[in-house]
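Chain naming here is simple, since letters A, B, ... match the order of the sequence lines and numbering starts at 1 in each. None of the values given here were measured: they were computed from a predicted structure.
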Amino acid sequence: MSGSTYYVTTPIYYVNDVPHIGHAYTSLACDVLARFMRLDGRDVHFLTGTDEHGQKIEKAAAAAGMAPQAFTDKVSQSFRDLLGVMDYSPDNFIRTTEKRHYAACQALWEKLVAAGDIYLGAYAGWYSVRDETYFVEGETEVGQDGKRRATSTGAEVEWVEEPSYFFKLSAWADRLLEFYEKNPRFIGPDSRRNEILSFVRGGLQDLSVSRTSFSWGVPVPGDPKHIMYVWLDALTNYITECGYPDTNNPLWKYWPADLHMVGKDIIRFHCVFWPAFLMAAGIAPPKRVFAHGWWTNEGQKISKSLGNVIDPVDLVKTYGVDAVRYFLLREVPFGNDGDFQKKALVGRMNGDLANAYGNLCQRVLSIVAKNCGEKVPPKGALTEADTALLDRAKGLLTIVRAELDDQAFHKALTSIWEVIADANRYVDAQAPWALAKTDPVRRDTVLWVLAETIRRVTLPVQPFMPDATGRILDQLAVAPADRAFTGFDKELVPGTPLPKPQGVFPRYVEPKAE
RNA sequence: GGCUGGGUAGCUCAGCUGGUUAGAGCACGGCACUCAUAAUGCCGGGGUCGGCGGUUCAAGUCCGCCCCCAGCUACCA
């Protein structure tokens, strides 16, 4: 386990949009995993980036009077800005407009052609000249005048066929089912796995993988009128990063990816199309794809038209990055949809962070500071209560590791906070302030047990709240090198000088004026 | 319509292969304590476990029917 590679990816975000809570959520989950695995000694590669091709971008750029590349240079910046705001730690930020990505896409294409999985056919659909786009049957309706129109735009549509290359996806259904069977962890959570299985069991159609209706994208080798359609372009970024087609590239060691984190809307691309492409090209599919849910805002579906889009930058400004990170991963079972409520966020901030965790640190560290000469107190003989608490804290790393292996962030945090609650109970039961008068030796041991418990609890919280936990570990004088999990069993050494304690998780008080 | 997953305390949810008085967190009420960020701890109220019927010594936990909710049922990133 230690030293082994861990490659985790976010989807590449389409730059047609500005970053919202959904983007932040996906990347946050990846960031926590990446940070955890690094602390756990893994050789981590964490990739995020932007998808910058396609007709929408081409048109948006034209509308802005800009060249497509200049346009995407500009709008992809907001996604790069989010990295700092949310404290993400990617190893690279990939863009589909990079030259190496063109090379990778074209190499993959040629591999698929050589394998006989791509053929030239015709893509047919209901085309709206006005919208310059195709609609599927279900997106259109026939009016009273007998004419068929796009339901969403009201524009008249006509049946059009254009030449297009197809990928023989229909031939891959059985092999995909066999792959799912042999790799039960390939799709998470289980509910999504069921959906994908039933979808593939229902049979697959060949997939149109090129378009001639726009030019902003990767040209098809040997037939540059054709531009690769979204699937082949976007998904390929994951292997572009590793150097494909150069499997001697040092980064190739990270493939196959350990985890593609995605929103539930793009699970099919990742769980059906992508492994089929890869298997057809003789490349190993990723080990796992996990689809998380969506957020609603105070019970309402989020949409631009409703004007209730949640801006992660605003959240961080108001509540702080650690609280936002904690809330998003603690409030909702990861994989489920969740409802974003201010009062729930404030409840978590004040209840879980300020009252339970922050106050535990503060009450313990301030007694230590006042009674133990601003040093780690001496550790005497341990009672049953002492070892019971310490043992629970010692067990956390194994528990959190297992939960994160399943992307069960909420369970990992719940387990940690149970120990925090135990520690608060222990403080009350041991009453070190009373021992100060009767048995200062025992008091010191109690305080040592508490400080050591805080240290053990805090190490696995680091990936979730890197800033606050860093400050707590500073107050315990834990050396940076001992904050990785190799330091988990390095107990606090009595006599180590400690800095003056300071609150780390302030209570959130609603501003007076709204 | 079909498929899948759900309907358990005010809210969010745990309850594995059926077995003592159905649990947790939050919210609410009372008490204790005072080291601490008016924090913490203890106690308590509150549930026809969607409905009806069945199997069983025993069902939230199995079977049948019904009601309700969510997701999926492909070319939009």
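Residue contacts for Ile12(A): at a heavy-atom cut-off of 4.0 Å it reaches no nucleic acid atom on any strand shown. Gly358(A) comes within 4.0 angstrom of a nucleotide base, judged by non-hydrogen atoms across all strands. Note on Val504(A): a base of the nucleic acid sits closer than 4.0 angstrom, heavy atoms only. Residue Arg192(A) is in sugar-phosphate contact alone, with no base atom involved, counting any heavy-atom pair closer than 4.0 Å across all strands shown. Residue Arg507(A) is in base contact, counting any heavy-atom pair closer than 4.0 Å across all strands shown. Looking at heavy-atom distances under 4.0 Å, Tyr13(A) makes no contact with the nucleic acid at all. Among the protein residues, Gly263(A) comes within range of no part of the nucleic acid, since none of its heavy atoms lies under 4.0 Å from any strand. Looking at heavy-atom distances under 4.0 Å, Trp231(A) makes contact with a base. Backbone-only engagement by Ser366(A) is indicated by non-hydrogen atom pairs under 4.0 Å involving sugar-phosphate atoms exclusively. Residue-level contact check: Asp233(A) touches neither bases nor backbone, having no heavy atom under 4.0 Å from any strand. Among the heavy atoms of the strands, none lies under 4.0 Å from Asn16(A).
Shown here are the side-chain contact (heavy atoms from CB on, under 4.5 Å) partners of Ala402(A), two or more places apart in sequence or in another chain: there are none. With sequence neighbours excluded, the residues satisfying ring-ring contact (aromatic ring centres under 6.0 Å, His included) with Phe269(A) are Trp231(A), Phe273(A).
Between the P atoms of A74(B) and C11(B), the separation comes to 36 Å (whole Å). Between G7(B) and G50(B), the two C1' atoms lie 6 Å apart (nearest whole Å). Spacing between G51(B) and U61(B) at atom P, rounded to whole Å, works out to 10 Å. Spacing between C65(B) and G5(B) at atom P, rounded to whole Å, works out to 15 Å.
Place Asp265(A) and Ala354(A) on RNA chain B by their nearest nucleotides, and Ala354(A) ends up nearer the 5' end. Residues Ser191(A) and Phe273(A) each lie close to RNA chain B; by heavy-atom proximity, the contact nearer the 5' end of the strand is made by Ser191(A).
Applying the 3.5 Å distance criterion, the base of A36(B) shares a donor-acceptor pair with the side chain of Asn359(A).
Dashed line: the shortest gap from a side-chain N or O of Lys370(A) to OP1 or OP2 of A36(B) is under 4.0 Å. Distances shown here put every side-chain N or O of Tyr426(A) at or beyond 4.0 Å from the OP1 or OP2 atom of G41(B).
C62(B) is paired with G54(B) under the Watson-Crick or G-U wobble criterion, all donor-acceptor distances under 3.5 Å. Taking a pair to require two hydrogen-bonding distances under 3.5 Å in either a Watson-Crick or a G-U wobble arrangement, U34(B) remains unpaired. Partner assigned to A74(B) is none, using Watson-Crick or G-U wobble distances below 3.5 angstrom. Pairing for G29(B) is with C43(B), a Watson-Crick or G-U wobble pair whose two hydrogen-bonding atom distances lie under 3.5 Å.
For the residue pair Gln69(A) and Asp73(A), a side-chain donor N or O sits within less than 3.5 Å of a side-chain acceptor on the partner.
Counting only distance, with no hydrogens or angles, the side chain of Tyr229(A) and the backbone of Leu207(A) share no donor-acceptor pair below 3.5 Å. Between the side chain of Asp206(A) and the main chain of Ser170(A), a donor-acceptor pair closer than 3.5 Å is present.
For the pair Asp467(A) and Arg471(A), the salt-bridge criterion is met [side-chain N within less than 4.0 Å of a carboxylate O]. Ion pairing between a basic and an acidic side chain is recognised when a charged N comes within 4.0 Å of a carboxylate O; Asp405(A) and Arg288(A) show no such pairing.
Rounded to an integer number of Å, the gap from Asn355(A) CG to U37(B) P is 12 Å. Regarding Lys168(A), its NZ atom lies at a distance of 23 Å from the P atom of C75(B), rounded to whole Å. A straight line from CD of Gln341(A) to P of U12(B) spans 9 Å, rounded to a whole angstrom. Rounded to an integer number of Å, the gap from CG of Asp337(A) to C1' of A70(B) is 8 Å. What separates CG of Asp339(A) from P of C11(B) is a distance of 14 Å, to the nearest Å. Across the protein-nucleic acid pair, Asp422(A) atom CG and G41(B) atom P stand 10 Å apart, rounded to whole Å. With rounding to whole Å, Ile367(A) atom CD1 is found 11 Å from U37(B) atom P. In this entry the distance linking CG of Asn350(A) with C1' of G25(B) reads 16 Å, nearest Å.
Looking at the side chain of Ser198(A), the nearest of the listed nucleotides U34(B), A77(B), C3(B) is C3(B). Distance from the side chain of Gln205(A) is smallest to A74(B) among C35(B), A74(B), G41(B). When the nucleotides C75(B), A36(B), U34(B) are ranked by their closest atom to the side chain of Gln362(A), A36(B) comes out on top. Among C76(B), A39(B), U73(B), the nucleotide with an atom closest to any side-chain atom of Phe269(A) is C76(B). Among the nucleotides G71(B), U40(B), C3(B), the one closest to the side chain of Glu195(A) is G71(B). In the set U4(B), C35(B), U37(B), the nucleotide with an atom closest to the side chain of Asn194(A) is U4(B).
A ring-centre distance under 6.0 Å is not found for His410(A) and Phe334(A). Taking the six-membered ring for Trp and the full ring otherwise, the centers of Tyr326(A) and Trp417(A) sit less than 6.0 Å from each other.
Listed by residue number, the members of residues 322-334 of chain A with any heavy atom below 4.0 angstrom from RNA chain B form an empty set.
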Task: CA sep, side-chain torsions, deciding dist, call: Arg363(A), Asp428(A), salt bridge (charged side-chain N to carboxylate O under 4.0 Å, His left out) - done: CA-CA 11 Å; Arg363(A) 66 195 302 208; Asp428(A) 284 310; 3.4 Å; yes
